[in-house]
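Below, read A as the first sequence line, B as the second, and so on, with proteins coming before strands; counting in each chain starts at 1. Quantities reported herein were computed from a predicted structural model and do not represent experimental measurements.
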Number of protein chains: 2
Amino acid sequence: MTHYRSAMASSTVEDYLKQILLLSAAGDELVSMGDLATALDVVPGTATTMVKALAAEGLVTHRPRYGVNLTAEGRRVALGVIRRHRLIETFLVNVLKMDWTEVHAEAELLEHAISDTVLDRLDALLGHPAADPHGDPIPTRHGKVDAQVYATLATCLLEKPLRIVRIVDQSPQFLEFAEQSGLRPGELLRVTDRNLAAGLVTVRKGPARAVTLGLAAAGHILVAPER
Amino acid sequence: MTHYRSAMASSTVEDYLKQILLLSAAGDELVSMGDLATALDVVPGTATTMVKALAAEGLVTHRPRYGVNLTAEGRRVALGVIRRHRLIETFLVNVLKMDWTEVHAEAELLEHAISDTVLDRLDALLGHPAADPHGDPIPTRHGKVDAQVYATLATCLLEKPLRIVRIVDQSPQFLEFAEQSGLRPGELLRVTDRNLAAGLVTVRKGPARAVTLGLAAAGHILVAPER
DNA sequence: CGCGTTATTTTGATTAGTCAAAATAAATCT
DNA sequence: AGATTTATTTTGACTAATCAAAATAACGCG
């Protein structure tokens, strides 16, 4: 009866498409069934079955035994889901004052239930934000994303002033750690030392106490040069 | 994995329980399978099957061939759903400034996806409202409802000043009509004429123009004596 | 190249929720 | 009371999404 979004995809379908987009790193590399299954917390056989169905609907292209990626239509749907997810997260943090380390799971739930009408109101209420509280870009209603390539704490220049633009890890543990260490989007800092042999990166905020983190973790924190 | 609400009921189960509560008029009369099936837009056989399953879970008591009503546990769940529904409606109207004639369907979608955490924040943001924009009471977190029995425009005294407390019809057409006629919750008026033979009721706001409506419609507008 | 490891696909079963249509019980009306 | 109407229940079948486990294909290494 109610046709909120054109050609209503089930929330399962939406999750598959979203995850394929996120795993292909907004690029066009094939996503393996194993990775997809892990991300969606199903067994690989389930992913295969579902992907074949999605391919039959023209939402993905499947190269059996190699992987899957999105068609233009699949990408359109996936971007819609991501837009909803990120606007909801922004709302939860900016309006409901929830902790930015806990909103991901909440948004995961709501992203499939919110209508375009409500979403547009929310978007307006929030002032049409370009990024969510994690610093992830919010696609527009028409599926455009600010494609910008950032350095990470693992790759950037030493001693240069940097601003954190984004944390690309959604796990509560990691976000909790980042929060505790003052590594939030918007914060100003510099990398004072990077020991690739030991896999350690040391960062400093102004003259204050240093924080040391592993190379892998450092790679999840995107930064832009400042001043 | 995520256990938002204790003993997570599927949204189908939630809908059945909610509808049983609403159809039994918050009372304890048995709800017929026919009425339940109509309300949920399924065929009667489906309702029977589902009700048997709910009975097996201890959420309802089913007297085969006669009807169904809620157990204490089923009622608890149903009141939770209704609380979520009405708080969401209130949010959509008061914060997102949506039209009160269109929020019902939206809330229907969101009520199954919102977590208790988010709901509590919403509740606080809205100032712990006692009723939604239709005037329907919002159950507390602990399942208490302001049980108050109101007169309707079909039953109240003539010429007495009245305040509209609630509209008990969710159909957009009816709400649209009520809106157009200035029959919103909170409005002050009096019934100047009631012709039971013709099935007509005439109401007047102050000395202004009269509005005439059918007896059935009048029965859907709850009022309380004023001054 | 051939053999073992690893990832993917297939197959067969399961669960929740649904419908269509036949069977049955209750209510109603002479 | 008996016959007919009406509501409810049962039966069998279907769809979406899933898992377990067997079958198959690709990869990598000596």
Side-chain angles (χ1 to χ4, degrees), chain A residues 1-3 5 7-20 23-24 29-69 74 77-78 81 108-109 111-113, chain B residues 1-3 5 7-20 23-24 29-69 74 77-78 81 108-109 111-113:
Chain A
M1 42 173 279
T2 42
H3 67 107
R5 282 182 286 280
M8 199 56 163
S10 75
S11 65
T12 305
V13 167
E14 289 190 341
D15 278 336
Y16 274 83
L17 297 176
K18 178 180 72 167
Q19 221 53 250
I20 292 169
L23 289 175
S24 68
E29 319 98 66
L30 290 184
V31 174
S32 76
M33 289 304 135
D35 290 356
L36 185 56
T38 304
L40 290 162
D41 199 29
V42 295
V43 300
T46 302
T48 300
T49 309
M50 194 65 201
V51 162
K52 284 205 303 179
L54 294 177
E57 301 224 355
L59 294 165
V60 304
T61 55
H62 183 205
R63 280 210 40 215
R65 232 102 213 178
Y66 286 90
V68 64
N69 63 11
V77 175
V81 181
E108 206 76 17
L109 248 75
E111 69 190 12
H112 304 297
Chain B
M1 41 172 282
T2 42
H3 66 108
R5 281 183 286 280
M8 200 55 162
S10 75
S11 67
T12 305
V13 166
E14 289 190 341
D15 277 336
Y16 274 83
L17 296 176
K18 178 181 73 167
Q19 221 53 249
I20 292 168
L23 289 174
S24 69
E29 319 97 66
L30 290 184
V31 174
S32 76
M33 290 303 136
D35 289 355
L36 184 56
T38 303
L40 290 162
D41 198 29
V42 295
V43 299
T46 301
T48 300
T49 308
M50 193 66 201
V51 162
K52 283 206 304 180
L54 294 177
E57 301 225 354
L59 293 165
V60 303
T61 56
H62 183 205
R63 280 210 39 213
R65 231 99 212 183
Y66 286 91
V68 64
N69 63 11
V77 175
V81 181
E108 205 75 18
L109 247 74
E111 69 190 12
H112 304 296

So which atom in [X] and which in [Y] form the shortest heavy-atom distance, rounded to 0.1 Å?
X        : Y        : answer
A:Ala9   : A:Val13  : CB-CG1, 3.7 Å
A:Glu29  : A:Ser24  : OE2-O, 3.3 Å
B:Ala113 : A:Leu109 : O-CD2, 3.0 Å
A:Ile20  : A:Val31  : O-CG2, 3.6 Å

Residues in contact with DNA chain C, drawn from residues 48-62 of chain A - heavy-atom cutoff 4.0 Å: A:Thr48, A:Lys52, A:His62
Phosphate contact (D:dT18 OP1 or OP2) by A:Tyr16 side-chain N/O below 4.0 Å: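 Yes, A:Tyr16 has a side-chain N/O under 4.0 Å of OP1/OP2 on D:dT18.
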Can you check the [X] [atom1] to [N] [atom2] distance for me, whole Å?
X       : N      : atom1 : atom2 : value
B:Leu36 : D:dT8  : CG    : C1'   : 13 Å
B:Arg63 : C:dA25 : CZ    : P     : 15 Å
A:Met8  : D:dA16 : CE    : P     : 15 Å

Under 3.5 Å, which protein N or O atoms sit close to an N or O of nucleotides 21-25 of chain D? Give each pair with its distance.
{"residue": "D:dT24", "atom": "O2", "partner": "A:Arg65", "partner atom": "NH2", "Å": "2.6"}
{"residue": "D:dA25", "atom": "O4'", "partner": "A:Arg65", "partner atom": "NH1", "Å": "3.4"}

Give every donor-acceptor pair under 3.5 Å between a side-chain atom in residues 42-69 of chain B and any protein atom, sequence neighbours left out.
{"residue": "B:Thr48", "atom": "OG1", "partner": "B:Pro44", "partner atom": "O", "Å": "3.3"}
{"residue": "B:Thr49", "atom": "OG1", "partner": "B:Gly45", "partner atom": "O", "Å": "2.9"}
{"residue": "B:Thr61", "atom": "OG1", "partner": "B:Asn69", "partner atom": "OD1", "Å": "2.6"}
{"residue": "B:Asn69", "atom": "ND2", "partner": "B:Asp28", "partner atom": "O", "Å": "3.2"}

Minimum side-chain heavy-atom gap A:Asp15-A:Glu111 below 4.5 Å: yes
Gap between atom OG1 of B:Thr38 and atom CE of B:Met33 - 0.5 Å precision: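 It is 12.0 Å, given to the nearest 0.5 Å.
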Inter-residue atom distance A:Met8.CE - A:His112.NE2, 0.5 Å rounding: 10.5 Å
A:Pro64 or A:Ser10, whichever maps to the more 5' nucleotide of DNA chain D: A:Ser10
Residue A:Met33, side-chain heavy atoms: nucleotide from C:dT8, C:dC19, D:dC19 that is nearest: C:dT8
Sugar-phosphate, base or nothing in reach of B:Thr12, heavy atoms under 4.0 Å: sugar-phosphate
